[in-house]
Amino acid sequence: MSMEKALPKGFEHASEGQAAVYKASAAKNTAQSMVNFRGRPGGPGRGMGQTVEHAENVGGTLRRLMRYFGHSKKLLVFLLAAVVCVTLAGLVAPSLQGSAIDHIAGSAWSQLRTCVIVLLVVYLGNVLFTLAQSLLSARLSQSITRLMRHDLFKKMDHLSIRYLDTHSNGDVMSRMTNDVENVSSTVSQSLGSLVSGLLTVLGTVAIMFAYCWQLTLITMVTVLLTVLVTKKMSQVMRKVYRKRSAILGQLNGHSEEMITGYRSIVSYNKQQDVIDEFCQTSDELRKVSIKAEILGGSMGPIMNCISNISFVIVAAFGGYFAYTGLITIGTVSAFIIYAKQFSRPINEIAQLYGTIQTAVAGAERVFALLDEPDEDNSGDKELANITGRISFRNVDFSYVPGKQVLFDFDLEVEPGQKIALVGSTGSGKTTVVNLLMRFYPVDSGEILVDGVNIQDLSRDYLRDNIAIVLQDTVLFSNTIENNIKYADLDAPDEAMVRAAEMSHIRHYIEKLPKKYDTYLKQAGAGLSHGQRQLMAIARAVLADPRILILDEATSSVDTRTEKKIQDAMVQLMKNRTSLIIAHRLSTIRDADKIVVMDQGRVVEIGSHEELLAKQGKYYELYMTQFAGNKI
């Protein structure tokens, strides 16, 4: 199966230029995801290791991330205080143990009792502060997560249509879920460990030097060995994990294609081909995963071996120094604990490096979305009484620079006229609607409504006076009433029922047990395509717009229902300017003007009868549909 990314829902019938924008961006996103894909909680590859993602601007990303910490200053201060207390307890305990051993060796039983009581208090405090650290880390991470997701969702309301058309839904959702979750996990699990680790290393070195600088320098040899081995193994593991993540991304993409394209696979009897391709990729993943798991599993034993070497060195030289009287037996005991305590945070910090890098990379992706320019909101004019006159004057437009979609497009639409746009796929019909709705800005030329450039009109005012019914209907997980009233939440129930009657959906709704209070789950998954489209038409009827746009609005209904809807539309379109995009030419015979488009240009304009008489492009389209002629 091809790994080429399919166009998203609602984008399948876009022009070639518009599709090129999406495909170019999707190819880049897919290639990047193949490299960056990693096992996430609840997703493919869970527990299979993690590939380190690197941010391009670590410093700038961290500075912006710190602003979110600024909203929870008290939590952060308390968390750091708990971390400091836990670290101090960990640093003091070995020293107290060493003193206890010295008291035993010197038979100082009264002092031993005091030392043991203090040690017990230290251990108890360590437990309590560790619990506090966990609770505060969880609260801080959730506070930051809430703020970031709030900013992202707010940003979504202002993103340009161009951005959403050129980025897959999965990519946008991944930023809001997985990337934010990575930041949250790092804050809750790694922040305290990182601060504690740094403090532990510094404190341990200071105490060890205070006890015996000679033994401390000897201990540093094993620390250097730990750093070198960790660095070398990390380089090897990174290559293997990256390769595994790339193959895992391919397997995930293959599975997604298989699921979404299952009907086509079965229709062409390609099940075995799909299975063979899946097995081939899966076998390759298995081989790489075994190697990755072996490398990952060997890290712990190797670090333990080095730690044991450190233990032997400290015991041997410490025993010699104790024998010569340089240090006491208790100091040797404390040194053994400090030596282990010194290497542990270094290993933890090395392991946290990848997690932190991945979180910073995720935060950078989040900030990249937040930095996207908002949709153009220029213009503040509002007309006292919009009539619906539309003028396209010398409009040129390109979705992708260098790939022009509209060429010197001119069209005059009088108030109340019914205009049909026809043409082959990719001719630019939908693009005309996108420009009128201000989803995209024109490259050159201008679009006027009642003689005013739409760039000068208030964007909200313009869209309030336009209702659009798309071929791919969008319903929300809500009641039928709220879905129909989405166009006007304050509309009275009588108007809603009238709209349902005009769109021929009332009979179906009122047969339901809860009628208009019926809750549509999964955005109307239980309805047929035709029923969803009828509800969208009812929504447009309720909007009572001055300009009506129908983009293949009856494509999913049967011929009988289509005729009823057309009759209702005659009433709906009275005194309204209507633009109809149609592939079924039978639906636009009574249009006042039919505009025939081909490769971004207007090639013919006229009524149905006039264009048939010309025997031009429209005649070819019409005869292809109805006469079965091969043109």
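Residues take their numbers from the sequence shown, with the count starting at 1.
Between S477 and Y519, the shortest heavy-atom distance links the atoms O-OH, 2.8 Å. Nearest heavy-atom pair across T577 and R389 is OG1-N, 4.4 Å. Residues V195 and V83 approach most closely at CG1-CG1, 3.8 Å, considering heavy atoms. The nearest pair of heavy atoms linking L383 to V449 is CD1-O, 4.0 Å. The two residues R463 and F439 make their nearest non-hydrogen contact at NH2-CD2, 3.6 Å. Minimum interatomic distance between G428 and L406 (heavy atoms only, all atoms of both residues): O-CD2, 4.0 Å.
Side-chain contact of N478 with N483: a donor-acceptor pair under 3.5 Å is absent, judged by distance alone. No hydrogens or angles considered: a donor-acceptor pair under 3.5 Å links the side chains of D396 and S444. N482 and T479 share a side-chain donor-acceptor pair at under 3.5 Å. Between S398 and Q404, the side chains place no donor N or O within less than 3.5 Å of an acceptor N or O (distance only, hydrogens not considered).
In this structure D517 satisfies the side chain to side chain donor-acceptor pair (under 3.5 Å) test with no other residue, sequence neighbours excluded. Scanning for side chain to side chain donor-acceptor pair (under 3.5 Å) contacts around N385 gives an empty result, with sequence neighbours left out. Residues that satisfy the salt bridge (charged side-chain N to carboxylate O under 4.0 Å, His left out) test with R601, not counting sequence neighbours, are absent from this structure. For K155, the side chain to side chain donor-acceptor pair (under 3.5 Å) partners two or more places apart in sequence, or in a different chain, are D374. Every residue meeting the ring pair (Phe, Tyr, Trp, His ring centres under 6.0 Å) condition with Y486, not counting sequence neighbours, appears here in chain and number order: F476. Residues meeting the side chain to side chain donor-acceptor pair (under 3.5 Å) test with T387, sequence neighbours left out: D450.
Taking 4.0 Å as the cut-off between side-chain N and carboxylate O, R393 and E412 count as a salt-bridged pair. Salt-bridge check for K418 with D592: failed, with every basic side-chain N at 4.0 Å or more from each acidic carboxylate O. A salt bridge does not link R546 to D464: none of the charged side-chain nitrogens sits closer than 4.0 Å to a carboxylate oxygen. A salt bridge links R149 and E181; the closest N-O separation between the charged side-chain nitrogens and carboxylate oxygens is under 4.0 Å. Using a cutoff of 4.0 Å between basic side-chain nitrogens and carboxylate oxygens, R459 and E375 are scored as salt-bridged.
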(message) Is there a side chain to side chain contact (heavy atoms under 4.5 Å, CB included) between L369 and L152? Walk through the geometry before answering.
(response) CA-CA 8 Å; L369 176 57; L152 277 171; 3.5 Å; yes

(request) Determine, step by step, whether Y461 and D380 satisfy the side chain to side chain donor-acceptor pair (under 3.5 Å) criterion, reporting the C-alpha distance in whole Å, the side-chain angles of both residues, the deciding distance to 0.1 Å, and the verdict. (result) CA-CA 9 Å; Y461 171 80; D380 55 4; over 6 Å; no

(request) Please lay out, stage by stage, how T145 and V183 fare under the test side chain to side chain contact (heavy atoms under 4.5 Å, CB included). (result) CA-CA 8 Å; T145 300; V183 176; over 6 Å; no

(message) Apply side chain to side chain contact (heavy atoms under 4.5 Å, CB included) to residues F78 and R139 and explain how you reach the verdict.
(response) CA-CA 11 Å; F78 286 134; R139 289 200 61 180; over 6 Å; no

(message) Could you go through M535 and L520, starting from their C-alpha distance and side-chain angles, then the distance that decides it, and tell me whether this counts as side chain to side chain contact (heavy atoms under 4.5 Å, CB included)?
(response) CA-CA 12 Å; M535 286 194 186; L520 301 181; 4.2 Å; yes

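Going from atom CD1 of I419 over to atom CD of E414 covers 9.0 Å, rounded to the nearest 0.5 Å. The CZ atom of R539 sits 5.5 Å away from atom CG of L475, with the distance rounded to the nearest 0.5 Å. Within the model, atoms CD1 of I447 and CG of L457 stand 11.5 Å from one another, a figure rounded to the nearest 0.5 Å. The line from CD of E446 to CG of N394 is 8.0 Å long, rounded to the nearest 0.5 Å. To the nearest 0.5 Å, atoms OH (Y262) and CD (E257) are separated by 16.0 Å. Summarising the geometry, atom CD belonging to Q599 is positioned 9.5 Å from atom OG belonging to S427; distances are rounded to the nearest 0.5 Å.
With a 4.5 Å cut-off on side-chain heavy atoms, D493 and E481 count as touching. Side-chain contact between V603 and M597: absent, with no pair of heavy atoms (C-beta onward) separated by less than 4.5 Å. No side-chain heavy atom of I581 sits less than 4.5 Å from a side-chain heavy atom of L550. Residues Y68 and D151 meet the side-chain proximity criterion, which asks for heavy atoms closer than 4.5 Å. At a threshold of 4.5 Å between non-hydrogen side-chain atoms, the residues F392 and L448 do not count as touching. Inter-residue side-chain proximity for I509 and I484 is flagged as met; some heavy-atom pair is nearer than 4.5 Å. The shortest side-chain heavy-atom distance between V432 and L421 falls under the 4.5 Å cut-off. Looking only at side-chain heavy atoms (C-beta outward), I549 and I466 come within less than 4.5 Å of each other.
Under the 30°/60° scheme for interplanar angles, the aromatic rings of F397 and Y440 are found to stand perpendicular.
The closest donor-acceptor contact from the side chain of R438 to the backbone of I454 lies under 3.5 Å. A donor-acceptor pair is defined here as one N or O able to donate and one able to accept, closer than 3.5 Å; such a pair exists between the side chain of S141 and the backbone of S137. A distance-only check finds a donor-acceptor pair linking the side chain of K485 to the backbone of A491 [under 3.5 Å].
Taking a 6.0 Å sphere around CD of Q417, one finds it holds more than 12 heavy atoms contributed by other residues, nucleotides or ligands.
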